[in-house]
Colleague: 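The structure's right below; bear with me while I get my questions together.
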Amino acid sequence: MKKLILILLCSLSVIGYSATSDLMIDYGNQWRIANEDDNIDDWAVHNVPNKLIADFDGDGTEDIARILLKRNNDIGVKVVAVVSNYGKPKQFTLYENNEMVAQSFALELLEPSDDVWESACQKGYYDCEYDDIRQFKIIRPTVYLCLIESACTVHLWSNFKEKFIEIPLSD
């Protein structure tokens, strides 16, 4: 009977997954979600979001990307994306740094378009390696992560690799 109840609870929690509710998302003991008191420095000056909700993986369900802060410390940032993965949430770390403050980073949602983007290596910031992405199009909502007033990176979902691909846009 206990096994049946556990199976039912697990089934309900998977069915109940929602990016907007943040239920079922375990960011770990070391990290926390930003609150109103964290809206300081560059976040307050530039009014930048620290959370995005969109269907990054194209499965028809909303996913979430967020900038997390170090628990019990002013220094430390982690950017994660959680995709619904057809009802089974899967978390990806897009960026992590224990020497910078979260308020130095901003998220932006890139919408699909016919625009052709060039990567940092294509622009000549560094020599392209054999497997570097040089040019790309945004075909589904995409995470755009920037160090405020500095470098930016695009995080595209790849159905083939079943993960996010990081594409630097500057050095």
Side-chain angles (χ1 to χ4, degrees), residues 14 17-20 22 24-34 42-43 46 48-70 75-171:
V14 169
Y17 168 74
S18 167
T20 55
D22 274 338
M24 293 188 54
I25 301 174
D26 180 9
Y27 296 115
N29 296 333
Q30 202 174 8
W31 302 99
R32 67 178 179 82
I33 295 172
D42 281 340
W43 282 2
H46 299 286
V48 297
N50 55 42
K51 173 175 127 177
L52 299 175
I53 297 175
D55 183 11
F56 302 124
D57 63 353
D59 71 352
T61 306
E62 289 183 329
D63 306 309
I64 188 167
R66 8 172 111 255
I67 298 173
L68 301 174
L69 294 86
K70 196 80 165 229
I75 307 292
V77 59
K78 183 174 184 177
V79 181
V80 297
V82 180
V83 297
S84 60
N85 199 28
Y86 298 97
K88 298 178 183 173
K90 189 169 182 182
Q91 188 173 147
F92 297 88
T93 298
L94 305 181
Y95 180 81
E96 186 172 347
N97 185 306
N98 290 309
E99 298 174 3
M100 299 185 78
V101 295
Q103 289 85 353
S104 296
F105 293 86
L107 290 175
E108 187 177 330
L109 184 65
L110 298 178
E111 296 290 349
S113 75
D114 289 328
D115 296 341
V116 176
W117 291 64
E118 290 187 344
S119 68
C121 76
Q122 180 69 20
K123 293 176 188 173
Y125 285 105
Y126 55 86
D127 291 334
C128 291
E129 298 291 325
Y130 170 75
D131 59 347
D132 281 344
I133 294 174
R134 293 169 169 126
Q135 294 182 323
F136 60 97
K137 286 185 178 183
I138 307 294
I139 61 170
R140 67 176 58 91
T142 298
V143 177
Y144 189 56
L145 173 65
C146 293
L147 179 58
I148 296 174
E149 296 184 358
S150 187
C152 295
T153 306
V154 170
H155 294 270
L156 290 171
W157 176 259
S158 168
N159 282 343
F160 177 72
K161 294 184 178 185
E162 294 186 344
K163 67 177 189 173
F164 286 89
I165 298 171
E166 180 180 359
I167 305 171
L169 297 182
S170 56
D171 61 351

Colleague: Can you name the nearest heavy-atom pair linking Pro168 to Tyr126, along with the distance?
Modeller: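 So the minimum-distance heavy-atom pair works out to CG-OH, 3.6 Å.
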Colleague: How many angstroms lie between atom CG of Asp115 and atom CD1 of Ile138, to the nearest 0.5 angstrom?
Modeller: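 Spacing of CG (Asp115) from CD1 (Ile138) equals 9.0 Å.
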Colleague: Is Val143 close to Val154 at the side-chain level, that is, under 4.5 Å between some pair of heavy atoms?
Modeller: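 With C-beta onward as the side chain, the pair stays apart.
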Colleague: Would you find more than 12 non-hydrogen atoms of other residues, nucleotides or ligands less than 6.0 Å from Glu96 atom CD?
Modeller: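 Counting other residues, nucleotides and ligands, CD of Glu96 exceeds 12 neighbours.
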Colleague: Could you walk me through whether Lys78 and Gln30 pass the side-chain contact (heavy atoms from CB on, under 4.5 Å) check?
Modeller: CA-CA 10 Å; Lys78 183 174 184 177; Gln30 202 174 8; over 6 Å; no
Colleague: Donor-acceptor pair, distance only, cut-off 3.5 Å: does the side chain of Ser84 make one with the backbone of Pro89?
Modeller: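 Not confirmed, Ser84 side chain does not pair with Pro89 backbone.
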Colleague: Hey, is the main chain of Leu169 close enough, under 3.5 Å, to the side chain of Lys123 for a donor-acceptor pair?
Modeller: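 Yes, the answer is positive, given that a donor and an acceptor are paired below the 3.5 Å cut-off.
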Colleague: Given side chains that start at C-beta, do those of Leu107 and Val79 come closer than 4.5 Å, heavy atoms only?
Modeller: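 In short, these two side chains touch, coming nearer than 4.5 Å.
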Colleague: From Phe164 CZ over to Leu145 CG, what is the distance, rounded to the nearest 0.5 angstrom?
Modeller: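 Rounded to the nearest 0.5 Å, the CZ-CG separation comes out at 12.0 Å.
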Colleague: So, do Ile167 and Leu156 sit near enough that their side-chain heavy atoms are less than 4.5 Å apart?
Modeller: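 Side chain of Ile167 against side chain of Leu156, heavy atoms only: contact under 4.5 Å found.
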Colleague: Of the non-hydrogen atoms in Leu94 and His155, which two are nearest, and what is the gap between them?
Modeller: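 The pair with the smallest heavy-atom distance is O-CE1, 3.4 Å.
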Colleague: At what distance, to the nearest 0.5 angstrom, does SG of Cys121 lie from CD of Gln135?
Modeller: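 The SG atom of Cys121 sits 10.0 Å away from the CD atom of Gln135.
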Colleague: Compare all side-chain heavy atoms of Ile67 with those of Val77 and state whether any distance is below 4.5 angstrom.
Modeller: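 They are in contact (side-chain heavy atoms under 4.5 Å apart), so the answer is yes.
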Colleague: Which atom names give the shortest non-hydrogen contact between Gly60 and Asp55, and what distance separates them?
Modeller: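 What the structure gives for the nearest pair is N-OD2, 2.7 Å.
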Colleague: On a heavy-atom basis, which atom in Gln91 and which in Tyr27 lie closest, and how many Å separate them?
Modeller: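 Smallest interatomic distance, heavy atoms only, reads OE1-CD2, 3.9 Å.
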Colleague: Would you please indicate if the ring centroids of Phe56 and Trp157 are separated by under 6.0 Å?
Modeller: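 Here the rings of Trp157 and Phe56 have centres that are no less than 6.0 Å from each other.
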Colleague: Given side chains that start at C-beta, do those of Lys163 and Phe92 come closer than 4.5 Å, heavy atoms only?
Modeller: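 Result yes, sub-4.5 Å side-chain heavy-atom pair found.
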Colleague: Would you confirm whether Thr93, through its side chain, and Tyr95, through its main-chain N or O, come within 3.5 Å as a donor-acceptor pair?
Modeller: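 No; zero donor-acceptor contacts below 3.5 Å.
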Colleague: For atom CG of Asp114, is the number of surrounding heavy atoms from other residues, nucleotides or ligands below 6.0 Å larger than 12?
Modeller: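 Not buried by this count: 12 neighbours or fewer within 6.0 Å.
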Colleague: Under 6.0 Å from the CD atom of Glu111, do we count more than 12 heavy atoms belonging to anything else shown?
Modeller: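 More than 12 heavy atoms, drawn from other residues, nucleotides or ligands, come within 6.0 Å of this atom.
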Colleague: If I take atom CD1 from residue Ile64 and atom CD from residue Glu62, how far apart are they, to the nearest 0.5 angstrom?
Modeller: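 Atom-to-atom, Ile64:CD1 and Glu62:CD are 9.5 Å apart.
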Colleague: Could you tell me whether the side chain of Asp57 and the main chain of Val83 form a donor-acceptor pair under 3.5 Å?
Modeller: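 The answer is no, because no donor-acceptor pair under 3.5 Å joins these two groups.
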Colleague: How many angstroms lie between OG1 in Thr153 and CZ in Phe105, if you round to the nearest 0.5 Å?
Modeller: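 It comes to 9.0 Å.
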Colleague: With heavy-atom distances below 4.5 Å as the criterion, would you say the side chains of Arg66 and Ile53 are in contact?
Modeller: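 Side chain of Arg66 against side chain of Ile53, heavy atoms only: no contact under 4.5 Å found.
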Colleague: Say whether, by atom type as modelled, one donor and one acceptor occur between the side chain of Asp132 and the main chain of Arg134 under 3.5 angstrom.
Modeller: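 Between the backbone of Arg134 and the side chain of Asp132 there is no qualifying donor-acceptor contact (under 3.5 Å).
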Colleague: Could you tell me whether the side chain of Ile33 reaches within less than 4.5 Å of the side chain of Leu68, counting heavy atoms only?
Modeller: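 Leu68 reaches Ile33 side chain to side chain.
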Colleague: Search all heavy atoms of Ile165 against all heavy atoms of Ser158 and return the closest pair with its distance.
Modeller: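 That would be CD1-CB, 3.4 Å.
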Colleague: If I compare all heavy atoms of Ser170 with all of Ala120, which pair ends up nearest, and what's the gap?
Modeller: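 Shortest heavy-atom separation between Ser170 and Ala120 comes out as N-CB, 3.6 Å.
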Colleague: With a distance cut-off below 6.0 Å to the six-membered ring centre and an angular limit of 45° from the axis, does Lys70 pair with Trp31 as a cation-pi contact?
Modeller: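 Because its charged atom sits under 6.0 Å from the ring centre and within 45° of the axis, Lys70 does stack over Trp31.
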Colleague: Roughly how far apart are Asp42 CG and Cys146 SG, rounded to 0.5 Å?
Modeller: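 Going from CG on Asp42 over to SG on Cys146, the span is 12.0 Å.
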